[in-house]
Amino acid sequence: MDDFTGDDITGDAGRRLAARFEADRPHLTAVAYRLLGSAAEAEDALQEAWLRASEADLDEVRNVTGWLTTVVTRVCLNLLRARRNRREEFLDAHDHDHAHDHAYDKAYDHARDAPPLPAEAGDPAREALLADEVGVALLVVLDALGPAERVAFVLHDLFAVPFEEIAPLVERTPAATRQLASRARRRVQGRPPAPAAAVQRRRAVEAFLAATRGGDFTALLALLDPDVVLHADARVVPTPEPLTVRGAVPVAQGAMAAVARAQVTGLALLDGEFGLVMAPYGRPRLVLAFAFGADGRITGIDIVAEPERLRGTEIAVVDPPHREADGSGEVDQ
């Protein structure tokens with residue numbers, strides 16, 4: 001048990017609390033990022049949590065890490081509720097913002113050959129790295145959950161917090177909190193992929209993403225049928241009319257032009273089939289559905305960016321999310 005009594009925040013107790021907060025920062029950041037889907041907002045949440053912690057009376061706190069997790073969660077829950085009430089996008093109210101896409105293009109062009117370094121909150125390269133680490137599809141599904149559902153699922157399924165500790169945070173009974181997490185879990189899992197050639201198709205889609213990210217033109221050509229046909233709706237480019245591209249070389253050339261956008265694209269189940277979703281900050285901008293020939297090569301790619309069609313596509317996680325090792329034990333109320 002840590003002793004934070006006997007001094008104000010400017011004394012020894014304050015220094016010990018600050019040291020504990022820094023030691024717990026990776027765990028607290030992981031919680032905040034999975035609750036909010038944005039490194040920038042997660043950092044803001046931690047700043048607010050520190051302000052609250054530095055003014056609190058910790059005499060009765062037994063588990064400081066658990067208590068700090070509670071503070072961070074309450075801040076995130078308030079942000080989620082405010083975001084939902086405003087009914088507006090975190091970054092932009094437009095369905096497709098080319099200036100935003102250009103920010104990713106520019107950030108990646110500068111960072112692609114450099115080792116990963118700590119970046120300031122809101123940096124697109126950092127956001128892309130975190131999204132890839134957590135899973136783009138998981139962030140998309142989490143963003144579609146209600147605030148209480150998201151808190152219940154993230155804390156229980158990803159950080160092993162008991163429902164009895166989560167219930168007061170979401171103002172539900174433990175049984176109702178369990179139902180929230182269960183409902184969220186069903187949405188995260190979605191539908192299983194079709195069993196026929198499932199492993200081969202998954203590998204092909206993953207290889208397509210890897211080749212696009214790496215700008216590997218030869219690898220792309222090897223994955224594509226010579227007569228592959230790509231369809232893109234009018235919102236993808238955008239263009240006045242939907243776009244059709246035929247042939248492996250033109251399709252691979254188009255993929256080479258999307259290297260930066262591929263950094264915020266991840267494997268997902270699209271209506272139960274393996275595909276890709278591009279989703280900066282967990283907000284889906286477009287999806288890629290694939291068709292395959294008997295030899296396993298890609299014969300068709302359908303790129304969808306129209307909002308109505310996106311809303312009609314069930315996006316689910318391919319692999320169950322893993323629990324984070326936090327060592328906090330419990331959430332202290």
Side-chain angles (χ1 to χ4, degrees), residues 30-31 33-39 41-42 80 89-91 95-96 100-101 104 124 126-146 149-154 156-159 181-195 198-199 201-213 236 255 258 260-290 298 301-307 309-324:
V31 171
Y33 181 73
R34 284 152 182 79
L35 287 174
L36 297 171
S38 159
E41 280 198 328
L80 288 171
E89 295 291 334
F90 166 54
L91 284 178
D95 291 312
H96 194 94
H100 176 59
D101 291 339
Y104 275 94
R126 182 189 181 207
E127 297 282 358
L129 182 65
L130 287 173
D132 194 49
E133 177 184 318
V134 174
V136 175
L138 178 59
L139 292 176
V140 170
V141 178
L142 291 177
D143 191 66
L145 300 177
E149 277 184 311
R150 187 165 186 167
V151 168
F153 175 80
V154 167
H156 180 268
D157 282 46
L158 304 187
F159 293 95
S182 177
R183 187 162 63 239
R185 196 176 304 118
R186 288 194 295 271
R187 297 185 67 177
V188 168
Q189 292 171 345
R191 294 184 292 176
V199 174
R201 291 181 178 184
R202 172 175 180 165
R203 288 174 179 170
V205 174
E206 289 177 326
F208 181 89
L209 176 60
T212 303
R213 285 180 171 181
V236 172
R261 295 179 185 181
Q263 309 310 310
V264 287
T265 300
L267 184 69
L269 289 177
L270 307 177
D271 294 328
E273 299 287 348
F274 291 114
L276 298 174
V277 56
M278 174 189 165
Y281 303 92
R283 306 299 171 87
R285 295 297 183 94
L286 57 83
V287 296
L288 290 83
F290 296 84
I298 297 169
I301 303 175
D302 187 20
I303 308 180
V304 176
E306 292 176 350
R309 293 183 67 194
L310 280 179
R311 286 191 292 268
T313 302
E314 182 188 65
I315 302 172
V317 177
V318 172
D319 298 312
H322 65 277
R323 281 185 168 174
E324 304 294 327

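Everything numeric in this text was worked out from a predicted model, so none of it was measured.
Under the 4.5 Å side-chain criterion, counting only non-hydrogen atoms from C-beta, Ile315 is in contact with Leu270. For the pair Arg283 and Leu139, the minimum side-chain heavy-atom distance is 4.5 Å or more. Side-chain contact between Phe290 and Leu276: present, with at least one pair of heavy atoms (C-beta onward) separated by less than 4.5 Å. Side-chain contact between Phe153 and Leu142 is present, with at least one heavy-atom pair separated by less than 4.5 Å.
By the 4.0 Å N-to-carboxylate-O rule, Arg202 lies close enough to Asp319 to be salt-bridged with it.
Side-chain atoms of Arg213 never come within 3.5 Å of backbone atoms of Leu209 as a donor-acceptor pair (strictly under, hydrogens ignored). At distances below 3.5 Å, at least one donor-acceptor pair connects side-chain atoms of Asp271 with backbone N or O atoms of Glu314. Side-chain N or O atoms of Tyr33 include one that pairs as donor or acceptor with a backbone N or O of Ala131 at under 3.5 Å. Put simply, the side chain of Arg150 gets close to the backbone of Arg34: a donor and an acceptor are under 3.5 Å apart.
For the 3.5 Å distance criterion, the side chains of Arg309 and Thr313 fail to qualify, holding no donor opposite an acceptor.
When all heavy atoms are compared, the tightest approach of Ala255 to Phe208 is CB-CZ, 4.3 Å. Between Leu310 and Arg285, the closest heavy-atom pair is CD1-O, 3.5 Å. Nearest heavy-atom pair, Pro280 versus Val264, reported as atom, atom and distance to 0.1 Å: CG-CG2, 4.0 Å. Residues Val277 and Ala268 approach most closely at CG1-CB, 3.8 Å, considering heavy atoms.
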(message) Set out, in order, the CA-CA distance, both residues' side-chain angles and the distance that settles side chain to side chain contact (heavy atoms under 4.5 Å, CB included) for Val317 and Leu269, then state yes or no.
(response) CA-CA 6 Å; Val317 177; Leu269 289 177; over 6 Å; no

(request) Using the side chain to side chain contact (heavy atoms under 4.5 Å, CB included) rule, take Val151 and Leu35 through it: C-alpha gap first, then chi angles, then the decisive distance, then the call. (result) CA-CA 7 Å; Val151 168; Leu35 287 174; 3.9 Å; yes

